[in-house]
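We count ligands from 1, going down the list as the structure has it; atoms in each ligand are counted the same way. Counting from 1, the numbers follow the sequence of the chain as shown.
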Amino acid sequence: MPKKTPTERALYSCAELAFNKNHFKEAQKYARKALSCKRPKILGKTYFLQGKIQVKLGNFEDAITCFKNAKEAGYERPEDCDVNIGSCHLMIDRPWQALESCLAACRNEKYHRLGDAYNQVGLVYMKMGKYSDAIDYFKKALNENTLSNPGIAKINLGEAYSHSGDHKAAGESFKEAKAFFQAANGVPFLQLLERLISKEKQKGKGTDSLKESLIETELLFRVVNRLIRQAVWDEDQQIKIVSLATQVGQILEAKLEAAKEYAIHVVPASDRPPERERLTLSLPPPPPTNYFLSLKAWSSNLPLMSKKDSKLKNIQHIVGGGYFIWWKEKGIVIDPGIDFRNNFHDYNRHLDDIDAIIVTHCHIDHAHDLDAIVDMLRENKSILQSQNKLRVKKQVIIMMDQQTHFAKEDEIAKVVGEDNCFLLKKMYKDSINNKLRDVGIHIKVHPFATQHNCKGSVGLAMEFLNDDSCAETIFKLGITSDTGWTSYLAEELRDCQAIIAHFSKTDKNDIFSYEHPLENTHHLGYRGAHQIIKDTKAQLFILAEWSAEIGDFRFQVAQLLSMEDVGKNKKIIPADLGLLFTLPSVAGEPVTIRCSSCHELVPFSSIIIGNPSNPYGSIVYSCKNCQGK
Ligand SMILES: [Zn+2]
Ligand SMILES: [Zn+2]
Ligand SMILES: [Zn+2]
């Protein structure tokens, strides 16, 4: 017997690891390599794994061959092979062969998954329309303590009863199934619904029976109820969920309106999200190009503080938010603070547009809505899971400052995967950038430490790269995030063509006294911004993260800085919710800014900034034609 070589074992482990992470193509590659080693001892095991991989890839014929090979190569549990061969045959509509294989597995009474094998036989009989045989086998399965999912078997039993016309027994089964799933957040019910809907679509026989049985248990009403409850909460999933509920409603021939009323009735009023007065926005579609979109108006903790501050008491719409970058068909969210999710939705962006999220520090005006996005990703994942569409799930990369990472990594990793969570620190930038390249995000990030009252906070320089080779930098953008001025800040942002500078607070001293200390502050303020403009070569400065408590001075500060010596030949503009500028697609292409009135993209040097018509109103970005309108 030849000794097992480390290479072979390693290849198998790689395949197994990739399989467990749902990277089936990769798993297939490793399994193939492992099989080419031809080591008899591990051959059966590898063939078996390759079979499971083929099932996930939808290659059922190949899978059958693999499971047969595994058996021949002496795989230690031949019954596992038989059950899998059976379920593959069933998938490609060969119930008789499926039956033969599954029954073969049942012959060994000591088989460690006998319950599952019985359940599989039941499914085969159901497919054949032999409902009483199916009922027998589901019952047998439920008597075995080797059955891995009794809830599913109960649903199967209910379905078989239902087809055989015994709605009472079917109803009982469904009720019992429900008990198994209470803890599982109802996801299997969605599977059940999927099944029902697909049967309705095929107009297969027996649908009416199933419907009757489900109505008997009020199960469908509950599922509709759950769907609509979820829709009330989850704006971004609303259309999908309501359309699912509508389909169920149609199948039930019940009026959806009635179902909706029923659903809303059971949502306690206090649990409902507060009504939020939407800004009246006539928003243009996103431009067909790469862009930076400010979805942030003010430092976003202010809306929460406004009631206590007499100056802010009557001010509406002081919203916070975050930033969104679109580069070569990939979306990057930066600092999703309070209001981010609402703004993102108002501006017609969706969960599917997000490929990466960056959090620079843990203050709520930068990180508050991270949880909301992660929740949506989790929900999306469970919906995909329930549709067995896991293999189309895309990766979302999440990069977090030290404290956010410490607090949230475990939870977030469960949703996006451990490999996609990163601690945003200079020392890890190579592994972060390799990952971004691997998932097709052609951006490099360069985090650097900031001076802020938040341990581990960072600012960013971002390089936007050309194509797959990522060899050429087309544009470099700096984001100071919240920071006081530091001696190394200009160095970190040295090659940036545009800089988003977080201005935050100022006061008379800051603006008028040149002796005002630059160091030991937590925010740039006027003097810090002045120094950055002086020390860097960027042509475009966007002043953001405004603090509103001493008044609306955004326009005036930008004007003042533009009139200073350091501001000559540079464009200094305040950011507001909705500010959009393009990122050049080729090096040297001019940056353009979207006019708030006509929505044309105009070169940044010619954009005209309008003072808001009333304090705390919207900043106006005008092209020459729209100026003064
Ligand atoms: Zn902060
Ligand atoms: Zn902040
Ligand atoms: Zn215009």
Side-chain angles (χ1 to χ4, degrees), residues 282-284 287 294-305 318-323 333-340 343 358-370 400-405 407 424 447-460 479-486 489 500-506 520-525 528-529 542-549 554 573-582 592-610 618-629:
S282 56
L283 297 168
S294 167
L295 291 174
K296 179 168 185 153
W298 300 83
S299 168
S300 58
N301 44 7
L302 280 157
L304 297 183
M305 286 151 38
I318 294 192
V319 295
Y323 305 131
V333 168
I334 298 175
D335 283 351
I338 296 172
D339 297 321
F340 175 81
N343 296 343
I358 293 175
V359 176
T360 64
H361 65 288
C362 68
H363 286 162
I364 55 166
D365 56 332
H366 297 256
H368 178 273
D369 279 9
L370 176 62
M400 293 164 278
D401 67 281
Q402 190 181 325
Q403 289 194 51
T404 310
H405 189 269
L424 192 58
F448 56 86
T450 51
Q451 180 178 289
H452 194 45
N453 48 348
C454 183
K455 196 167 179 280
S457 60
V458 295
L460 287 173
I479 300 176
T480 66
S481 190
D482 294 4
T483 183
W485 181 85
T486 59
L489 189 53
I500 316 283
H502 283 196
F503 185 91
S504 193
K505 296 169 206 285
T506 187
N520 304 323
T521 58
H522 297 308
H523 294 284
L524 287 176
I542 290 148
L543 305 175
E545 171 98 2
W546 296 92
S547 214
E549 60 263 57
R554 297 168 296 172
I573 63 172
D576 199 351
L577 178 63
L579 165 67
L580 182 146
F581 65 87
T582 59
T592 59
I593 294 180
R594 187 163 65 185
C595 169
S596 334
S597 313
C598 69
H599 303 143
E600 286 290 342
L601 296 167
V602 295
F604 77 85
S605 53
S606 61
I607 201 87
I608 299 150
I609 306 303
S618 298
I619 302 259
V620 182
Y621 308 94
S622 285
C623 70
K624 289 216 165 75
N625 297 334
C626 296
Q627 192 193 6
K629 269 187 196 165

TODO: Assess the side chains of His366 and Asp482: does a donor N or O sit below 3.5 Å from an acceptor N or O?
DONE: yes

- [ ] Would you please name every residue forming a side chain to side chain contact (heavy atoms under 4.5 Å, CB included) with Ser596, sequence neighbours left out?
- [x] Val620, Tyr621

TODO: Look only at the side chain of Glu545 and the backbone of Ala501, and say whether a donor-acceptor pair between them is shorter than 3.5 Å.
DONE: no

Open item on the list: Suppose the cut-off is 2.8 Å; how many protein N/O/S atoms fall inside it around the Zn ion (ligand 3)?
Closed with: 4

Task: Leu370 CG to Ile358 CD1 distance, which is reported to the nearest 0.5 Å - done: 12.0 Å

Task: In the protein, N/O/S atoms that are found under 2.8 Å from the Zn ion (ligand 2), waters not counted - done: Asp365 OD2, His366 NE2, Asp482 OD2, Glu545 OE2

Open item on the list: Looking at Asp576, is its backbone amide N or carbonyl O close enough to the side chain of Ser294 to form a donor-acceptor pair, meaning the two atoms are under 3.5 Å apart?
Closed with: yes

Task: Test item: Asn453 side-chain N/O and His522 main-chain N/O as donor-acceptor pair under 3.5 Å - done: no

Open item on the list: Using the ring-ring contact (aromatic ring centres under 6.0 Å, His included) criterion, which residues pair with Phe604? Sequence neighbours excluded.
Closed with: none

Open item on the list: I'd like to know if the side chain of Ser457 pairs up with that of His452 as donor and acceptor (distance under 3.5 Å, no hydrogens or angles considered).
Closed with: no

Task: Side-chain heavy-atom pair Thr360, Asp401 within 4.5 angstrom cut-off - done: no

